[in-house]
Participant: 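Handing you a structure now.
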Amino acid sequence: MQLTVYLAGQIHDDWREEVKQIADEKDLPLDFVGPQTNHDRSDNIGENILGEQPSGFFKDDAASAVNNLRTQVLMQKSDVVIALFGEKYKQWNTAMDASAAVTLGKPLIIVRPEELIHPLKELSNKANITVETVEQALDVLAYIYE
């Protein structure tokens, strides 16, 4: 059985590659999808499709419309969502994606450091499980195959 996993979280480092590497090491039959990780492509997609916008507000609005559509389609096609909350970057998009997973009834694994227990307590309560590392998240998925 192949599962599709939506990897929600910041796009500024290679944490998704770490997840894929660990999944390969554990020989887990997982396919991964997620947000556009090319930051420039993500920021400019609205203008690339719709043309130049009159201001930064409209540029961001156009990009958000396209990115939100992409997220909705890929998340609806996923079997489970892993949402990584790190310490270094602001996590608004991660929170939005995790909330969308809850709304869609998608199984949700939250990965967050101990320092974020308090600010994420309500969201963690809605997740199926909250862990501290991506390896723990993949151990949860590995358990499905036992």
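Just so you know, these numbers use all the heavy atoms, side chains as well, and skip hydrogens, waters and symmetry mates.
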Participant: Is any side-chain heavy atom of Gln2 less than 4.5 Å from a side-chain heavy atom of Asp31?
Facilitator: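 Answer yes - side chains close enough.
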Participant: Compute whether any side-chain donor of one residue and acceptor of the other, for Glu25 and Gln21, lie under 3.5 angstrom apart.
Facilitator: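 Yes, a side-chain donor-acceptor pair sits under 3.5 Å.
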Participant: Any idea which heavy atoms bring Ala83 and Leu108 closest together, and the distance?
Facilitator: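 Shortest heavy-atom contact: CB-CD1, 4.0 Å.
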Participant: Donor-acceptor pair, Arg70 side chain versus Gly34 backbone, under 3.5 Å?
Facilitator: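 Pair found, side chain donor or acceptor close to backbone of Gly34.
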Participant: Would you indicate whether Glu114, at its atom CD, is surrounded by more than 12 heavy atoms from other residues, nucleotides or ligands within a distance under 6.0 Å?
Facilitator: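 No, CD of Glu114 has 12 or fewer neighbouring heavy atoms, counting only those of other groups under 6.0 Å.
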Participant: Take atom CD in Glu115; do more than 12 heavy atoms of anything else shown fall under 6.0 Å from it?
Facilitator: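 Yes, because the 6.0 Å sphere around CD of Glu115 holds more than 12 heavy atoms from other groups.
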Participant: Show your reasoning for whether side-chain contact (heavy atoms from CB on, under 4.5 Å) applies to Leu104 and Gln76.
Facilitator: CA-CA 7 Å; Leu104 291 170; Gln76 284 181 343; 3.9 Å; yes
Participant: Quick check for you: to the nearest 0.5 Å, what is the distance between Ser42 atom OG and His39 atom NE2?
Facilitator: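 If I round to the nearest 0.5 Å, the distance is 6.0 Å.
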Participant: Show me the side-chain donor-acceptor pairs of residues 139-146 shorter than 3.5 Å, one per line, residues at least two apart or across chains.
Facilitator:
{"from": "Asp139", "atom 1": "OD1", "to": "Lys26", "atom 2": "NZ", "distance (Å)": "2.6"}
{"from": "Tyr145", "atom 1": "OH", "to": "Met1", "atom 2": "O", "distance (Å)": "3.2"}
{"from": "Tyr145", "atom 1": "OH", "to": "Pro29", "atom 2": "O", "distance (Å)": "3.4"}

Participant: Between Trp15 (side chain only) and Gln10 (backbone N and O only), is there a donor and an acceptor less than 3.5 Å apart?
Facilitator: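 Such a contact is found between Trp15 side chain and Gln10 backbone.
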Participant: Hey, mind stepping through Leu30 and Leu138 against side-chain contact (heavy atoms from CB on, under 4.5 Å) and telling me if it holds?
Facilitator: CA-CA 10 Å; Leu30 305 174; Leu138 289 168; 3.8 Å; yes
Participant: Below 4.5 Å, heavy atoms only, C-beta onward: do Pro107 and Asp79 meet side chain to side chain?
Facilitator: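 The answer is no, as the side chains (C-beta and beyond) never meet within the 4.5 Å cut-off.
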Participant: Do Lys59 and Asn44 touch side chain to side chain, with heavy atoms closer than 4.5 Å?
Facilitator: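 They are in contact (side-chain heavy atoms under 4.5 Å apart), so the answer is yes.
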Participant: Considering only heavy atoms from C-beta outward, does the side chain of Val19 approach that of Leu7 to under 4.5 Å?
Facilitator: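 Yes, at least one pair of side-chain atoms sits under 4.5 Å.
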Participant: I'd like to know if the side chain of Ser78 and the backbone of Met75 have a donor-acceptor N/O pair within less than 3.5 Å.
Facilitator: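 It does hold such a pair.
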Participant: Ignoring hydrogens and angles, tell me if any N or O in the side chain of Gln53 forms a donor-acceptor pair with the backbone of Ser55 under 3.5 Å.
Facilitator: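 Checking the backbone N and O of Ser55 against the side chain of Gln53, no donor-acceptor pair under 3.5 Å is found.
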Participant: Using the rule given for side-chain contact (heavy atoms from CB on, under 4.5 Å), can you reason through Ile82 versus Val134, listing the C-alpha separation, both sets of side-chain angles and the distance that settles it, and then say yes or no?
Facilitator: CA-CA 9 Å; Ile82 295 176; Val134 292; 5.5 Å; no
Participant: Determine, step by step, whether Thr130 and Arg112 satisfy the side-chain contact (heavy atoms from CB on, under 4.5 Å) criterion, reporting the C-alpha distance in whole Å, the side-chain angles of both residues, the deciding distance to 0.1 Å, and the verdict.
Facilitator: CA-CA 7 Å; Thr130 299; Arg112 57 99 187 99; 3.6 Å; yes
Participant: What's the separation between atom CH2 in Trp92 and atom CG in Asp97, rounded to the nearest 0.5 Å?
Facilitator: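 Going from CH2 on Trp92 over to CG on Asp97, the span is 14.5 Å.
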